[in-house]
Amino acid sequence: MAQYELYCLADRRFYDSPVNRGAEHPDFPQSTLPVPAGWEHHAGEVWMNYAPAGLELPPQGWKIHVSSCLADAERTLAVVWDYCVPRGIAFKFLRNEPVMVMLNSKSAARGSSGKLVTIYPADEAQLELVLKELDDLLDGIDGPYILSDLRFGKGPLFVRYGGFATRYCLNDTGERVLALEDSEGRLVPDVRGPIFAVPAWVSLPSFLEPHLEARNSVTTNELAYAIESVIQFSNGGGVYLGHHLESKERVVLKEGRPLAGLDVASRDAVARIAHERDMLERLAGLDVVPALHDYFTLGDHHFLVQEFVDANPLQRLIVNKYPLTRPDVTDEERAEYVDWALGMIGQVTRAVGALHERGVVFNDLHPDNVLIGHGDRMVLIDFEVATLVTERARSVLAHPGYAAPGDRQGVDVDRYALACLVLGMFAPQTTMLLQLNPAKAHHLADLITEAFPVPRATIDQAVQTIAGHVPAEPMPELTDWPVVRTAIAKAIVASATPEREDRLFPGDIAQFEPGGGINLSYGAAGVLYALARTGAGQFPEYEEWLWQRTLASIEVGPGLYDGLHGVAYVLDQLGHRERALALVGHCLEPQTELELGLHSGLAGIGLNLLHFAGDTGEAAALRVLDQVADRLGGPDDVPELSGEGNPRAGLLFGSSGPALLFIHAYERLGDSGLLDLAKIALQQDLRRCTTDAAGMLQVNQGWRLLPYLEEGSAGISLVIDQYLRHRADDELAAARDALRKVTHSEFFVQPGLFMGRAGILLAATDQQAKDQLVRGLGWHAMPADAGLTFPGNQLLRLSMDLATGSAGVLLAMGSALHPQPVGLPYLGSPQRSEPKKESKEV
């Protein structure tokens, strides 16, 4: 979430690079200094990079990180600049204060948070010299601890061994990750976690050994509490379950890291923990608030100790009870949920009212901060940003789906959040859309009362609190294909920015990665493909933009969905065969370091090479096919869980991608052994699926089940369909039917193609399911002056791309409503209905 929030700084409607945030957030003064003579400078979205021209650094080594609090940032940068430039030492620093705050916010990555500057010493001798000299120059600078690093002394300097040059390898899960070279010259993953660690083949420089000993000397041995487990981590600190050593009473310990976990008021976690202590003392005796037991410091970390409430977050209960995520829900199940939800809303309302009577505004009400314990005791937790009623303040750290607009202060902030809770109980997460357009509350009210027998007056009261005098906006009938296609296409075209070089259509934050602005998933290629395939038209000027930007990005990766092969496929579909062949020719060499999957790896590349084999020949395609076959393994050669440190299952990153490659190769070559390999690949993905209580077969991540196209039921079912066109198989047919049960569910948190409802629609086959899924896109549809739009991943901003946004929704709706076949590349009708009689060995 923190990374997405970084891309919310520049624009209130679309994700955009923080570089475009506007004059109200200027860069640090050092960013505006002239580039030193003989130096090179690269201005990135987050980092400003400086190095002497022609400097040859080793590809990896010990790097220095400098941390700083906000107040010391400009002084720190001035010292580093004045030190590094005359000595010819390469360095980089964060562009500006908003980026610095976001990368040290409560939800930021714990391991890398706190870095303001990175310095690249040429060798260990220079490492030691720079550390010692800068330690004196930065005396008095205060900064957060960088968890991935070893602290040098007691100041803001930290060290870590890692890559200087950008290199990649495949990790144990088969994913492409940043790499280091080990002692035998092999590329291995450059692991970057929240704990300092030195690669096995690297020796810690002797001058750093005392600093490691100082780090290890800090223990919890003197605490009056024993830590049993971690409840959660944030960049601001941990929340731990423990017990008092003498009384054995179980408690919750909340940690505050100094200068870390900043909020928009620039308060750190320590300030908020101390504030929470004060609020709990004021609220002492209320049954809806955990009792305060203790407050202490360990080193410079602060700990608040409070009552342990054996309970579940309301959010978890909503996920478990919400009926619309199950197929074929009955009226009785809907009514039962309404009774429970209204009971919860009543309890939360009374609990918040009790705070107000004590003169406190909660300011951070959302379902994860509401605990439901034994006997239905309700407890509100997390008072870090609570304020006094008399202050009429606004929250500085609120959940984006419950954050009140700027015109609400004091108790009205809580009343707004309570109104969002009313809608959120019946339409989970959709309250995120209210930040984009408060008028959406009116449409959500209509959808909620159509789906549930909830009193309209209850919903209307919540809508009035949220939207006030903002009127409802007209919504087209989503099953009216010509009208809806025109509305979506109009919004997409209206969003185009051909004057920009980084992107043509606004989309996911991934479009700001190399090649992201042009590729099939997030870039112009995917949008133009969806418009053309659904009959919404071709746009020669935008096709030319795509070609010119592709030429400027010719060194990006070869992947089907994230690289040049996908662009080549789309150019071919748009009638630019020669340009497409030129791109394919640039990518003919085999890529042994790539993963197997369809999105970025060999499966997608192999499919595209087969598609163009009539012009380029079969040799390159067969080389890729052999690599995939050699690396596939057997049906049981994958863990039973997907992701979370294991290889991922599903269409885009799992074994279904290789299965699709083998099926298409069979259609071209006629070798039945390829179907055998396809079945093995499908069995690998099915091994990582489990059946839930409703009979839906879904990808199992251990802590959740996934129904989606990217990594889930929908994508696997599509490939099994392709397989069954060539060979009957009762086992796979039964699995396909169980996978497809998800298409009878009514609600999905996101609308997008890869990880939302649109992808489920693409996999649906019976008309009733298709109609229900099309109408269900209304939960997220956002009318605009230019047409009809949809939010992207995380629901924080609108998106037009194929993977997450309006183009993907358009393509999926076209698969259900367009008179001609519509689908993703290589997932349409097979090339041959019958295999060749002759057989070839693979």
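Taking the side chain to side chain donor-acceptor pair (under 3.5 Å) definition, one finds that Asp339 meets it with nothing, sequence neighbours left out. Applying the side chain to side chain donor-acceptor pair (under 3.5 Å) rule to Glu477 yields the partners Thr479; only residues at least two apart in sequence or on another chain are considered. Shown here are the side chain to side chain contact (heavy atoms under 4.5 Å, CB included) partners of Val483, two or more places apart in sequence or in another chain: Pro476, Asp480. The salt bridge (Lys or Arg N to Asp or Glu O under 4.0 Å) check on Glu711 picks up Arg648, with sequence neighbours excluded. A search for side chain to side chain contact (heavy atoms under 4.5 Å, CB included) contacts involving Arg736 returns Ser717, Ile720, Asp721, Leu724, Ala733, Arg740, not counting sequence neighbours. Judged as a side chain to side chain contact (heavy atoms under 4.5 Å, CB included), and not counting sequence neighbours, the contacts of Leu817 are Trp481, Val774, Met813. Every residue meeting the salt bridge (Lys or Arg N to Asp or Glu O under 4.0 Å) condition with Arg415, not counting sequence neighbours, appears here in chain and number order: Asp412. Remark: His399 pairs with no residue by the side chain to side chain donor-acceptor pair (under 3.5 Å) rule, at least two apart or across chains.
Between the CG atom in Asp508 and the CD atom in Glu513 there is a gap of 8.5 Å [rounded to 0.5 Å]. Atom CG of Leu531 sits about 5.0 Å away from atom CZ of Phe539, to the nearest 0.5 Å.
Under 4.0 Å is where a charged nitrogen must lie from a carboxylate oxygen, and between Asp382 and Lys106 at least one such pair does. For the pair Asp16 and Arg500, the salt-bridge criterion is met [side-chain N within less than 4.0 Å of a carboxylate O].
Ring geometry for Tyr542 against Phe505 counts as perpendicular: the plane angle is over 60°, on a 0 to 90° scale with 30° as the lower cut. Ring geometry for Phe362 versus Phe383: interplanar angle of 30 to 60°, hence tilted. A perpendicular orientation is assigned to the rings of Phe754 and Tyr561, their planes being inclined by more than 60° (bins at 30° and 60°).
Among pairs with a residue in residues 458-474, those fulfilling salt bridge (charged side-chain N to carboxylate O under 4.0 Å, His left out) read Arg456-Asp460, at least two apart in sequence or across chains. Each side chain to side chain donor-acceptor pair (under 3.5 Å) pair with one or both residues in residues 804-816, not counting sequence neighbours, appears once here: Ser799-Thr804, Asp801-Thr804. Screening residues 746-760 for side chain to side chain donor-acceptor pair (under 3.5 Å) gives Arg334-Glu746, Gln750-Asn793 as the qualifying pairs, with residues at least two apart or on separate chains. For residues 340-350, there are no side chain to side chain donor-acceptor pair (under 3.5 Å) pairs, not counting sequence neighbours.
No more than 12 heavy-atom neighbours from other residues, nucleotides or ligands sit within 6.0 angstrom of CZ on Arg12. No more than 12 heavy atoms of other residues, nucleotides or ligands sit less than 6.0 Å from atom CD of Gln461. Around the CD atom of Gln768, the shell of radius 6.0 Å holds no more than 12 heavy atoms that belong to other residues, nucleotides or ligands.
The backbone N or O of Gly507 lies less than 3.5 Å from a partner atom in the side chain of Gln511, making a donor-acceptor pair. Between the Asp414 side chain and the Asn363 main chain, a donor and an acceptor come within less than 3.5 Å of each other. Judged by distance alone, with hydrogens and angles left aside, the side-chain atoms of Ser17 form a donor-acceptor pair with the main-chain N or O of Val19 at under 3.5 Å. With Glu333 contributing its side chain and Thr330 its backbone, the two residues share a donor-acceptor pair below 3.5 Å. A donor-acceptor contact shorter than 3.5 Å links the side chain of Gln409 to the backbone of Gly406. Remark: the backbone N or O of Leu574 is paired with a side-chain donor or acceptor of Gln538 at under 3.5 angstrom. Looking only at distances, no side-chain donor or acceptor of Thr431 sits under 3.5 Å from a matching main-chain atom of Pro428. Remark: the backbone N or O of Gln794 is not paired with any side-chain donor or acceptor of Tyr4 at under 3.5 angstrom. Although no hydrogens or angles enter the test, the distance criterion places a donor-acceptor pair under 3.5 Å between the side chain of Asp692 and the main chain of Met696. In this structure, Arg533 contributes its side chain and Pro821 its backbone to a donor-acceptor pair below 3.5 Å.
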* To do: Assess whether side-chain contact (heavy atoms from CB on, under 4.5 Å) is satisfied between Val370 and Leu380, documenting all intermediate values.
  => CA-CA 5 Å; Val370 178; Leu380 304 177; 3.8 Å; yes

* For side-chain contact (heavy atoms from CB on, under 4.5 Å), just list the numbers for Ser713 and Leu697, CA-CA rounded to whole Å, side-chain angles, deciding distance to a tenth of an Å, and then say yes or no. => CA-CA 7 Å; Ser713 315; Leu697 187 62; 5.7 Å; no

* To do: Tell me, with the steps shown, if Ile509 and Leu6 meet side-chain contact (heavy atoms from CB on, under 4.5 Å).
  => CA-CA 9 Å; Ile509 67 173; Leu6 179 64; over 6 Å; no

* **Derivation and outcome, ring pair (Phe, Tyr, Trp, His ring centres under 6.0 Å), residues His599 and Phe653** => CA-CA 6 Å; His599 187 272; Phe653 298 99; 4.9 Å; yes

* Worked verdict on Leu504 versus Leu546 for side-chain contact (heavy atoms from CB on, under 4.5 Å) -> CA-CA 8 Å; Leu504 179 57; Leu546 173 61; 5.9 Å; no

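Of all non-hydrogen atoms in Val463 and Ala445, the two that sit nearest each other are CG2-CB, 3.7 Å. Minimum heavy-atom separation, Leu788 to Ala491: O-CB, 3.5 Å. The two residues Arg408 and Tyr416 come nearest to each other via the heavy atoms NH1-CD1, 3.4 Å. Residues Pro707 and Phe748 approach most closely at CG-CE2, 4.3 Å, considering heavy atoms. What you find for Pro791 and Pro751 is that their closest heavy atoms are O-CG, 3.5 Å. In terms of heavy atoms, Leu478 sits closest to Arg775 at CD1-O, 3.8 Å.
The closest side-chain heavy-atom distance from Ile518 to Trp545 is below 4.5 Å. Between Lys321 and Tyr337, the closest side-chain pair of non-hydrogen atoms falls below 4.5 Å. Using a 4.5 Å cut-off on side-chain heavy atoms (C-beta onward), Ile372 and Asn312 make no contact. Leu773 places a side-chain heavy atom less than 4.5 Å from the side chain of Thr743. Looking at Leu709 and Leu762, their side chains come closer than 4.5 Å, going by heavy atoms from C-beta outward. No side-chain heavy atom of Leu705 sits under 4.5 Å from any side-chain heavy atom of Val699. Contact annotation: the side chain of Glu5 approaches that of Ser107 to within less than 4.5 Å [non-hydrogen atoms, C-beta and beyond]. Contact of the Leu753 side chain with the Leu761 side chain is not registered, since no non-hydrogen atoms from C-beta on lie closer than 4.5 Å.
Looking only at atom types and distance, the side chain of Lys440 has a donor-acceptor partner in the side chain of His443 under 3.5 Å away. Inspection of the Glu45 and Tyr7 side chains reveals an N or O donor paired with an N or O acceptor under 3.5 Å. Between the side chains of Asp562 and Asn519, no donor-acceptor pair of N or O atoms lies under 3.5 Å.
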